[in-house]
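Naming convention: chains lettered A, B, ... in sequence-line order (proteins, then strands); numbering from 1 in each chain.
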Amino acid sequence: MRIGELSRRTGTPRRLLRYYEEQGLLLPSRCRNGYRAYDEHAVDRVMQIRGLLDAGLPTRIIKQVLPCLDKPRTIHFPRPEPEMIATLRDERDRMTERIRSLTRNRDAISEYLDAVLRAGATGTTAPEPSTRPAPEAEPS
DNA sequence: TTTCTCACA
DNA sequence: TGTGAGAA
């Protein structure tokens, strides 16, 4: 398929698909006219890239780990360099920390929402923001 | 419709 | 990390 179809099927702007290629995340073949040609597998791959970016991984890390995540039970690097193991551990821990942070912020929002809705129902006022734990910034 | 590149937030 | 514009 060409870039337009992949864009439509993944909900990813064409511009961004070219950007991912430039970053080494996608390697489409080329038609005679120079148009990019993507196989069926590219759809899943793009979704996975989006997910990892959303999880906070930079493209250069994604490029490294993407083959490992394809089918986690397959060993892609029989002799994994210690550096790769370290990278994977590092990113896993970063994600864990991010999940913790997201959970905390979600709970803070949820708690406030409950209080506001309760107040709306009873006609009383919502609690002062300062009585609740401060929202926490996600790690950068 | 697609390509590319340069500049920019 | 991503976007906009212009030209082919």
*Asks:* Between Glu40(A) and Arg9(A), does a salt bridge (charged side-chain N to carboxylate O under 4.0 Å, His left out) hold up when you go through it step by step?
*Replies:* CA-CA 11 Å; Glu40(A) 212 55 33; Arg9(A) 288 177 56 181; 2.5 Å; yes
*Asks:* Give a yes/no on whether any side-chain N or O of Tyr20(A) is located under 4.0 angstrom from OP1 or OP2 of dG2(C).
*Replies:*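 Checking dG2(C) against Tyr20(A), a side-chain N or O does come within under 4.0 Å of OP1 or OP2.
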*Asks:* From CG of Leu52(A) over to P of dT1(C), roughly how many Å is that when rounded to an integer?
*Replies:*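 Between P of dT1(C) and CG of Leu52(A): 12 Å.
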*Asks:* Which is it for Arg36(A) and Arg30(A) under the side-chain contact (heavy atoms from CB on, under 4.5 Å) test, yes or no, and what are the steps along the way?
*Replies:* CA-CA 5 Å; Arg36(A) 291 167 178 82; Arg30(A) 295 286 180 151; 3.3 Å; yes
*Asks:* Nucleotide by nucleotide, 5' to 3', does protein get under 4.0 Å of the base (B), only the sugar-phosphate (S), or neither (-) in nucleotides 2-9 of chain B, counting heavy atoms?
*Replies:* SBS-B---
*Asks:* Do Arg50(A) and Tyr20(A) pair up side chain to side chain, a donor and an acceptor below 3.5 Å, judged on atom types alone?
*Replies:*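 Yes, side-chain donor-acceptor contact under 3.5 Å.
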*Asks:* Give the intermediate values and the outcome of salt bridge (charged side-chain N to carboxylate O under 4.0 Å, His left out) for residues Arg100(A) and Glu97(A).
*Replies:* CA-CA 5 Å; Arg100(A) 199 191 63 75; Glu97(A) 176 54 28; 3.0 Å; yes
*Asks:* Please name all residues satisfying side chain to side chain contact (heavy atoms under 4.5 Å, CB included) with Ala37(A), sequence neighbours left out, ordered by chain then number.
*Replies:*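 For Ala37(A), the residues satisfying side chain to side chain contact (heavy atoms under 4.5 Å, CB included) (neighbours in sequence not counted) are Ser29(A), Cys31(A).
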*Asks:* Could you tell me the separation between the CD atom of Gln23(A) and the C1' atom of dG2(C), rounded to a whole number of Å?
*Replies:*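 It is 10 Å, rounded to the nearest whole Å.
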*Asks:* Are more than 12 heavy atoms, taken from residues, nucleotides or ligands other than Arg60(A), located less than 6.0 Å from that residue's CZ atom?
*Replies:*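 Counting neighbours around CZ of Arg60(A), 12 or fewer heavy atoms of other residues, nucleotides or ligands fall under 6.0 Å, so no.
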*Asks:* In whole Å, I'd like the distance from the CG atom of Leu6(A) to the P atom of dT1(B).
*Replies:*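 After rounding, the gap between these two atoms is 16 Å.
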